[in-house]
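The next block holds one structure in the form of structure tokens; read it before the comments.
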Amino acid sequence: MKIVNESRDFDKVDKYLMTAGKGAVSMKDVEDGTSIPVAGYLEFVDEKDDGTESEILAIITESRGQVYSTQSKTLKRSLMEILEVMGEEPFAIKKVSGITKAGRPYVDCELDTDSVKSEKPKKK
């Protein structure tokens, strides 16, 4: 297992939970609309016994124990776009899915706008 990218320095327990822990929930098994508070993420390459590799994105919540994982490039791209906008501000994502024009299922996410305190512009 090789760590490719991480949102922050994780301690050994968090790294274990995100890479080898048995409690990770696959995003494809999460119900659409589920809100997931993002405390951090870690991308790693997982090598199987047969030598094949897969890139995994693991998301950990503040409760330190709930980990969500995915191989979805679409979800990874969407999460990175959200992180670019949100910066250090706490936020949650909502899991969404659908079917491509080619008839293949996909997993994605969007910003859970209810999780973000909105700043109203000040009137001049």
Side-chain angles (χ1 to χ4, degrees):
M1 188 261 316
K2 179 179 124 188
I3 294 175
V4 177
N5 191 18
E6 54 190 327
S7 60
R8 60 181 166 90
D9 287 330
F10 291 102
D11 64 26
K12 291 177 183 179
V13 173
D14 285 342
K15 283 185 180 179
Y16 169 79
L17 291 171
M18 297 172 80
T19 60
K22 305 299 182 215
V25 176
S26 175
M27 286 297 260
K28 69 178 191 270
D29 297 332
V30 175
E31 188 175 327
D32 279 3
T34 299
S35 182
I36 300 167
V38 177
Y41 74 89
L42 185 135
E43 292 178 279
F44 65 98
V45 176
D46 185 33
E47 187 174 335
K48 304 290 182 202
D49 292 337
D50 64 4
T52 59
E53 294 182 341
S54 28
E55 287 188 27
I56 309 291
L57 169 71
I59 298 169
I60 194 165
T61 64
E62 283 295 333
S63 60
R64 184 192 226 185
Q66 190 56 63
V67 174
Y68 298 89
S69 63
T70 187
Q71 293 181 46
S72 168
K73 290 182 183 250
T74 304
L75 189 141
K76 290 178 194 178
R77 185 172 39 253
S78 294
L79 180 62
M80 295 309 149
E81 290 170 354
I82 293 167
L83 283 163
E84 195 173 302
V85 171
M86 296 305 296
E88 299 294 317
E89 188 174 340
F91 69 93
I93 58 171
K94 279 188 184 176
K95 186 261 185 171
V96 295
S97 62
I99 304 290
T100 66
K101 292 177 185 172
R104 296 174 58 205
Y106 68 87
V107 177
D108 201 354
C109 69
E110 61 188 15
L111 178 65
D112 180 355
T113 55
D114 291 337
S115 73
V116 181
K117 292 186 171 47
S118 178
E119 294 180 24
K120 296 188 178 186
K122 295 178 181 175
K123 293 186 179 184
K124 294 182 182 181

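The first residue in the sequence is number 1, and the count goes up from there. Since we're looking at a predicted model, the values are computed, not measured.
- For residues 36-48, every residue pair satisfying the salt bridge (charged side-chain N to carboxylate O under 4.0 Å, His left out) rule, not counting sequence neighbours, is listed here: D46-K48.
- Partners of K15 under the salt bridge (Lys or Arg N to Asp or Glu O under 4.0 Å) rule, at least two apart in sequence or in another chain, do not exist in this structure.
- Taking a 4.5 Å side-chain heavy-atom cut-off between Ile, Leu, Val, Met, Phe, Trp and Tyr, the cluster of V45 extends to V4.
- Taking D50 as the reference, T52 meet the side chain to side chain donor-acceptor pair (under 3.5 Å) condition, with sequence neighbours excluded.
- Both M80 and V38 belong to a common hydrophobic cluster when Ile, Leu, Val, Met, Phe, Trp and Tyr are linked at side-chain heavy-atom distances under 4.5 angstrom.
- Nearest heavy atom pair, residue F10 against residue Y41, reads CE1-O, 3.3 Å.
- Residues E6 and M18 are not in side-chain contact: their nearest non-hydrogen atoms beyond the backbone lie 4.5 Å or more apart.
- In this structure, the side chain to side chain donor-acceptor pair (under 3.5 Å) partners of S97, at least two apart in sequence or on a different chain, are D32.
- The cluster map of Ile, Leu, Val, Met, Phe, Trp and Tyr, joined by side-chain heavy atoms under 4.5 Å apart, puts I3 and V13 in the same cluster.
- The side chain to side chain donor-acceptor pair (under 3.5 Å) analysis of residues 17-31, with sequence neighbours excluded, yields no pairs.
- Here CG of D14 is found 11.0 Å from CG of D9. Values are rounded to the nearest 0.5 Å.
- Remark: E53 CD to I56 CD1 distance equals 11.0 Å, nearest 0.5 Å.
- K101 meets the salt bridge (Lys or Arg N to Asp or Glu O under 4.0 Å) test with no other residue; sequence neighbours excluded.
- Across all non-hydrogen atoms, the minimal contact from S69 to A24 is OG-CB, 4.2 Å.
- To the nearest 0.5 Å, atoms CG (L83) and CD (E88) are separated by 9.5 Å.
- Rounding to the nearest 0.5 Å places CZ of F91 at 7.5 Å from CG of L111.
- Within the structure, no pair that satisfies the salt bridge (charged side-chain N to carboxylate O under 4.0 Å, His left out) test touches residues 103-116, not counting sequence neighbours.
- Of the inter-residue distances, the one linking C109 atom SG with I59 atom CD1 reads 6.5 Å to the nearest 0.5 angstrom.
- Between the side chain of T70 and the backbone N or O of M27, no donor-acceptor pair lies under 3.5 Å.
- Closest approach of A39 and E62 over heavy atoms only: CB-OE2, 3.3 Å.
- Remark: L75 CG to Y68 OH distance equals 12.5 Å, nearest 0.5 Å.
- Cluster membership check: I36 does not share its hydrophobic cluster with V96, using side-chain heavy-atom separations under 4.5 Å among Ile, Leu, Val, Met, Phe, Trp and Tyr.
- In the hydrophobic cluster analysis, where Ile, Leu, Val, Met, Phe, Trp and Tyr join through side-chain heavy atoms closer than 4.5 angstrom, L79 is grouped apart from Y106.
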